[in-house]
Amino acid sequence: MPPSVPLPDRQRAGAITGQFNRPAADSAFLQGLNAEQRDAVLSTEGPLLVLAGAGTGKTRVLTTRIAHILTSRRARGGEILSVTFTNKAAREMKERIAHLVGATVEGMPWLGTFHSIGARILRRHAELVGLRSDFTILDTDDQIRLIKQLLEAENIDEKRWPARQFAGLLDGWKNRGLMPSDVVPAESAFFANGKAIKLYADYQQRLRDLNAADFGDLLLLCIDVFRQHPDVLAEYHRRFRYMLVDEYQDSNIAQYLWLRLLAQGKPASEANICVVGDDDQSIYGWRGAEVDNILRFEKDFPGAKVIRLERNYRSTANILAAASHLIANNESRLGKTLQTDGGVAGEKVGVTSVWDSEEEARQIGQEIEDLQRRGESLNSMAILVRASFQMREFEERFITLGLNYRVIGGPRFYERREIRDALAYLRLIANPTDDLAFERIVNVPKRGIGDTTIKVLFDTARHQKVPMVNAVRMLVETEELKPKQRSTLRGLVGQFDDWAERSRSVPHHELAQQVLDESGYTEMWQQDKSPDSPGRLENLKELVRSMEEFESLGGFLEHIALVMDRDSGEAEDAVSIMTLHSAKGLEFDTVFLPGWEEGLFPHQRALDESGRAGLEEERRLAYVGLTRAKRRLRLSVAQNRRIHGLWQAAIPSRFLDELPADVVEVKDTGSAYGGYGYGGRAANRFSTADPFDSLYETPGWQRAKAQQANRRSPGPTTIDGELVARSVDLGSGSAYRVGDTVVHLKFGSGVVVAIEGNKLSIDFEAGRKKVLDSFIRKG
DNA sequence: CAACATCTACTTTTT
DNA sequence: GTAGATGTTG
């Protein structure tokens with residue numbers, strides 16, 4: 001055991017460190033780690049970049065590293081900052097550390113998601129950014145409603161400039177760490193004729209008035225505090241002796257800046273920061289993640305040690321070969337070669353062509369039942385889809401089969417309407433100035449308070465610069481409102497006063513139940529005849545039950561905003577259905593990947609919006625999907641898929657062409673119709689029977705190749721005049737020109753009349769159509 | 001002000 | 001095909 005580092009007298013660091021006097025502890029952890037993993041665990045001092053391929057034991061390294069730091073007494077639990085992206089990952093790390101060091105995680109207060117740690121820090125210094133420490137955390141729903149109010153106040157037509165779109169802009173800015181004053185006017189021009197910057201400033205002001213912060217603020221305002229108050233930052237420099245970041249490839253600029261500020265306590269070359277990631281699994285570019293963060297880590301922290309974990313312990317050789325071969329088609333990557341640990345080749349990767357998504361569901365259901373009969377557990381199987389609408393078909397099929405399944409992801413518990421309503425009541429009790437909560441529930445259940453009355457309340461509140469509840473108190477003393485509304489509102493504030501009073505004596509979960517009953521909210525759903533109302537009542541019960549686990553109402557509300565993710569009961573044996581995104585970090589014996597069709601996967605929108613960079617991200621998504629499988633991998637292609645209610649012929653995904661032929665086994669379901677499918681074709685030929693069918697010569701493929709040549713980068717992002725990050729964007733120049741004669745599989749020949757990215761408007765005999773350029777060729 | 005009917009736009013991924 | 005959002009009517 002290394003000599004222990006003397007610790008300055010510091011505030012209570014929690015229970016963990018007190019318990020290790022076991023000299024053998026370290027060697028016990030290190031057992032079973034390979035040389036690289038061990039190196040990553042033991043290289044505690046100085047910057048470290050761990051490039052961990054899929055299935056190479058990344059989480060194990062992280063948790064062992066923390067355990068090692070703790071048991072070697074290099075730091076106490078409270079001195080380690082350890083950030084993840086998802087609550088799931090944070091929870092898993094806590095469990096595994098607890099398992100390793102045999103203690104509870106009470107001593108690791110700074111292990112959590114970026115957002116929860118950001119919130120924690122921000123609450124301690126809220127007054128520095130004009131908030132109180134009990135500020136509310138807005139979710140997307142509140143955010144949209146607030147934006148709508150602002151748009152209305154500015155007389156901006158909501159039809160033309162939807163609130164959602166502005167929310168997207170806001171998100172983008174906040175992800176890049178931009179305050180209203182940092183936004184360049186050019187970017188503002190896209191929305192409401194340049195009013196976007198002002199709207200952003202107004203929005204932030206409104207948040208301050210409401211004593212609220214949105215998700216982005218949890219980091220952005222933290223950064224602001226750090227920058228404006230070096231003393232505060234210094235406090236964290238002293239506190240955090242070690243920093244660890246999971247899934248670094250998913251970090252955005254704001255997160256990057258936040259980390260960089262926190263790491264500045266020491267010269268960069270001595271910072272004890274360890275980031276773990278895999279550039280090949282970067283799949284969140286669309287929400288601002290910058291793969292470049294990981295690519296430039298060595299520049300940020302000169303002398304950083306780089307360790308590659310390339311030994312895969314998860315998948316069979318065939319699966320690994322398929323994944324490696326596919327991802328090799330990406331240009332922008334650091335390049336790793338995954339190697340099996342001398343494992344078996346295993347089954348080949350099955351590729352099945354089916355007629356449509358219904359047959360796809362039938363066929364997969366069938367195979368699952370076969371596997372089940374052979375003794376495989378449903379828990380070991382998963383269906384990973386590109387888009388959530390694909391899930392329904394499987395659910396329907398599995399219901400008729402009586403096959404147990406569970407959907408992971410989907411709408412979160414706290415995003416359900418009834419939960420949000422209930423929470424609004426509770427929020428308002430905890431904090432009467434929460435106007436958004438007030439507006440949400442004044443008329444839920446229906447109380448005869450309509451838009452006109454609410455408008456009066458709102459205007460009065462704004463004029464008097466008081467919260468809406470106070471405005472109500474004032475108005476009920478006047479003749480401003482009709483008698484009916486007046487008495488209703490008087491009754492309502494009376495009830496809230498009553499509840500607030502009771503909240504001091506009654507346990508919060510009991511109070512919650514009383515509030516729901518007395519407000520008439522429970523009754524509202526009891527009266528409701530729609531089929532989902534029993535479920536809603538059930539959810540409300542679940543909400544009240546879950547509150548028991550928390551110390552206080554405040555603690556509960558914080559938890560629900562940031563952490564409440566559904567931990568789906570693993571108890572029952574069931575097939576998992578989820579999106580590829582939510583599958584990251586998981587593994588299953590058998591993985592089904594349906595819907596490998598152009599347009600769906602790679603998703604058309606990714607291609608349209610981000611060109612080749614988008615394609616590469618889709619390919620990484622495919623890579624993530626393939627590498628989830630331990631022993632058995634099944635892909636499928638539907639020849640027809642219904643999109644927006646109409647049937648469309650589908651073209652097999654180009655990703656299928658990128659799998660090595662020798663590990664793939666094409667299975668024919670025998671239901672292929674008229675020339676589609678694989679009958680009589682070469683084994684590795686996945687394109688349909690169209691005239692442009694030759695492998696690697698599809699127009700889309702050629703275009704992708706052509707575009708590799710003409711890279712084009714947008715202006716790189718700079719902050720403080722320094723290059724922060726630059727995404728690889730290779731543009732989407734079209735191989736076609738207006739006037740070109742082209743041939744389309746379905747519409748025949750036509751003339752190009754307009755080009756918009758890779759979407760072409762073409763006059764066919766059948767009329768003018770918008771089509772994707774990968775569906776046509778020059779005529 | 002609420003209920004109903006109609007219309008529409010929407011379907012990538014989420015802390 | 002669906003679920004929201006809007007508009008119209010009572």
[X] [atom1] to [N] [atom2]: how many Å, rounded?
{"X": "K88(A)", "N": "dT14(B)", "atom1": "NZ", "atom2": "C1'", "result": "12 Å"}
{"X": "Y248(A)", "N": "dT15(B)", "atom1": "OH", "atom2": "P", "result": "21 Å"}
{"X": "I144(A)", "N": "dT14(B)", "atom1": "CD1", "atom2": "C1'", "result": "14 Å"}
{"X": "F389(A)", "N": "dT2(C)", "atom1": "CZ", "atom2": "P", "result": "15 Å"}
{"X": "L580(A)", "N": "dT14(B)", "atom1": "CG", "atom2": "P", "result": "11 Å"}
{"X": "L138(A)", "N": "dT15(B)", "atom1": "CG", "atom2": "P", "result": "17 Å"}
{"X": "I283(A)", "N": "dT14(B)", "atom1": "CD1", "atom2": "P", "result": "9 Å"}
{"X": "R176(A)", "N": "dT15(B)", "atom1": "CZ", "atom2": "C1'", "result": "18 Å"}

| Using centres under 5.5 Å plus planes under 30 degrees as the test, is Y284(A) stacked with dT13(B)? | no
I want to check one thing: is the phosphate of [N], taken as OP1 and OP2, less than 4.0 Å away from some side-chain N or O of [X]?
{"X": "R287(A)", "N": "dT14(B)", "result": "no"}
{"X": "N443(A)", "N": "dA2(B)", "result": "yes"}
{"X": "T579(A)", "N": "dT14(B)", "result": "yes"}

Among the candidates [options], find the nucleotide nearest to the side-chain atoms of [X].
{"X": "R386(A)", "options": "dT15(B), dG1(C), dT13(B)", "result": "dT13(B)"}
{"X": "R642(A)", "options": "dT13(B), dG1(C), dT15(B)", "result": "dG1(C)"}
{"X": "S582(A)", "options": "dT14(B), dT13(B), dT15(B)", "result": "dT14(B)"}
{"X": "W286(A)", "options": "dT11(B), dT15(B), dT14(B)", "result": "dT14(B)"}

| message | So T460(A) and V456(A), do their side chains get closer than 4.5 Å, heavy atoms only? | response | yes
| Looking at Y284(A) versus W286(A), is the centre-to-centre ring distance below 6.0 Å? | yes
| Whole-angstrom distance between dT12(B) and dA5(C), as gauged at atom C1' | 22 Å
| NA contact type, H603(A), heavy-atom cut-off 4.0 Å: base, sugar-phosphate, or nothing? | sugar-phosphate
| task | Look at all strands and tell whether T453(A) reaches a base, only sugar-phosphate, or nothing, counting heavy atoms closer than 4.0 Å. | result | sugar-phosphate
| note | Between G448(A) and R164(A), whichever has its closest DNA chain B nucleotide further toward 5' is G448(A)
| Upstream residue (5' side of DNA chain B) when I449(A) and L621(A) are each assigned their closest nucleotide | I449(A)
| field | Under-4.0 Å salt bridge between D142(A) and R145(A) | value | yes
| said: So, using side chain to side chain donor-acceptor pair (under 3.5 Å) as the criterion, who are the partners of D171(A) when residues are at least two apart? | reply: none
| For Y200(A), what residues pass the ring pair (Phe, Tyr, Trp, His ring centres under 6.0 Å) criterion, not counting sequence neighbours? | W173(A)
| query | Going through the checks in order, is the side chain to side chain contact (heavy atoms under 4.5 Å, CB included) test met by L111(A) and I80(A)? | reply | CA-CA 8 Å; L111(A) 191 167; I80(A) 302 174; over 6 Å; no
